[in-house]
Student: 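Next up is a structure, given as structure tokens.
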Amino acid sequence: MERNCIGCGQVDDHPRHHISIGEDDVFWHMDCHARSGQGCELCKAVVDSAGELKGDELRAHIQQNDPAKQVLVARGLVAQEG
């Protein structure tokens, strides 16, 4: 599904960080969110692990490696599987 990025304004189907703010939903490209200065650890973990990957290649990297989940596991917010 194509969505806008609140950071750069681009509309595409690249992976996004979806954030609910009250009744509103906002979407960031993970690299835009990591660079925004808001300190998003999840997006920073994805960007740091993915190098220059974008679009379908980034999506595949996230599906195979789940770097954001690794941050959540390290913080004790979700359990490590198996």
Side-chain angles (χ1 to χ4, degrees):
M1 171 186 296
E2 289 194 349
R3 295 188 172 139
N4 71 310
C5 170
I6 195 169
C8 70
Q10 185 174 346
V11 176
D12 56 33
D13 69 344
H14 294 182
R16 299 274 196 284
H17 188 177
H18 172 206
I19 302 170
S20 294
I21 302 173
E23 299 281 324
D24 298 319
D25 294 324
V26 295
F27 303 92
W28 289 87
H29 286 122
M30 293 180 173
D31 56 337
C32 291
H33 203 198
R35 288 191 312 258
S36 72
Q38 294 190 359
C40 181
E41 289 182 75
L42 304 179
C43 289
K44 183 175 180 343
V46 171
V47 171
D48 287 351
S49 70
E52 298 295 316
L53 298 177
K54 302 274 188 207
D56 290 336
E57 292 83 13
L58 177 58
R59 185 177 295 109
H61 170 77
I62 292 167
Q63 291 170 338
Q64 291 170 0
N65 301 293
D66 204 353
K69 182 176 181 186
Q70 294 174 25
V71 171
L72 296 174
V73 168
R75 292 176 65 195
L77 299 174
V78 298
Q80 178 71 39
E81 294 176 4

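All values below come from the heavy atoms of this structure, side chains included, with hydrogens, waters and symmetry mates left out. These figures come from a predicted structure and were not determined experimentally. Counting begins at 1 with the first residue of the sequence.
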Student: Given a cutoff of under 4.5 Å between side-chain heavy atoms of I, L, V, M, F, W and Y, with clusters grown through shared members, what are the other residues clustered with F27?
Tutor: none
Student: Under the criterion side chain to side chain contact (heavy atoms under 4.5 Å, CB included), I'd like the reasoning laid out for S36 against W28: C-alpha separation, chi angles, the key distance, then a yes or no.
Tutor: CA-CA 10 Å; S36 72; W28 289 87; 3.7 Å; yes
Student: Between atom CD of Q70 and atom CG of N65, what is the distance when rounded to the nearest 0.5 Å?
Tutor: 7.0 Å
Student: For V71 and K44, what are the C-alpha separation, side-chain angles and deciding distance, and is it a side chain to side chain contact (heavy atoms under 4.5 Å, CB included)?
Tutor: CA-CA 10 Å; V71 171; K44 183 175 180 343; over 6 Å; no
Student: To the closest 0.5 Å, what do you measure between CG (L72) and CD (E41)?
Tutor: 9.0 Å
Student: Please round to the nearest 0.5 Å and tell me the distance separating atom OG of S49 and atom CG of D66.
Tutor: 9.5 Å
Student: Can you find a pair of side-chain heavy atoms, one from H33 and one from L42, that are under 4.5 Å apart?
Tutor: no
Student: Measuring only between side-chain heavy atoms, which start at C-beta, is R35 closer than 4.5 Å to V47?
Tutor: no
Student: If you compare all heavy atoms of H61 against all heavy atoms of V46, which two are closest, and at what distance to 0.1 Å?
Tutor: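 Minimum heavy-atom contact is NE2-O, 4.4 Å.
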Student: Would you compute the distance between atom CZ of R3 and atom NE2 of H29 and round it to the nearest 0.5 angstrom?
Tutor: 11.5 Å
Student: Under 3.5 Å, is there a donor-acceptor pair between the side chain of R16 and the main chain of N4?
Tutor: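 Yes; at least one donor-acceptor contact below 3.5 Å.
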Student: Knowing that exactly one of C43, C5, C40 qualifies, which makes a side chain to side chain contact (heavy atoms under 4.5 Å, CB included) with M30?
Tutor: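 For M30, the side chain to side chain contact (heavy atoms under 4.5 Å, CB included) check succeeds only for C43.
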Student: Quick one: CD1 on I6 to CD1 on I19, what's the gap to the nearest 0.5 Å?
Tutor: 8.5 Å
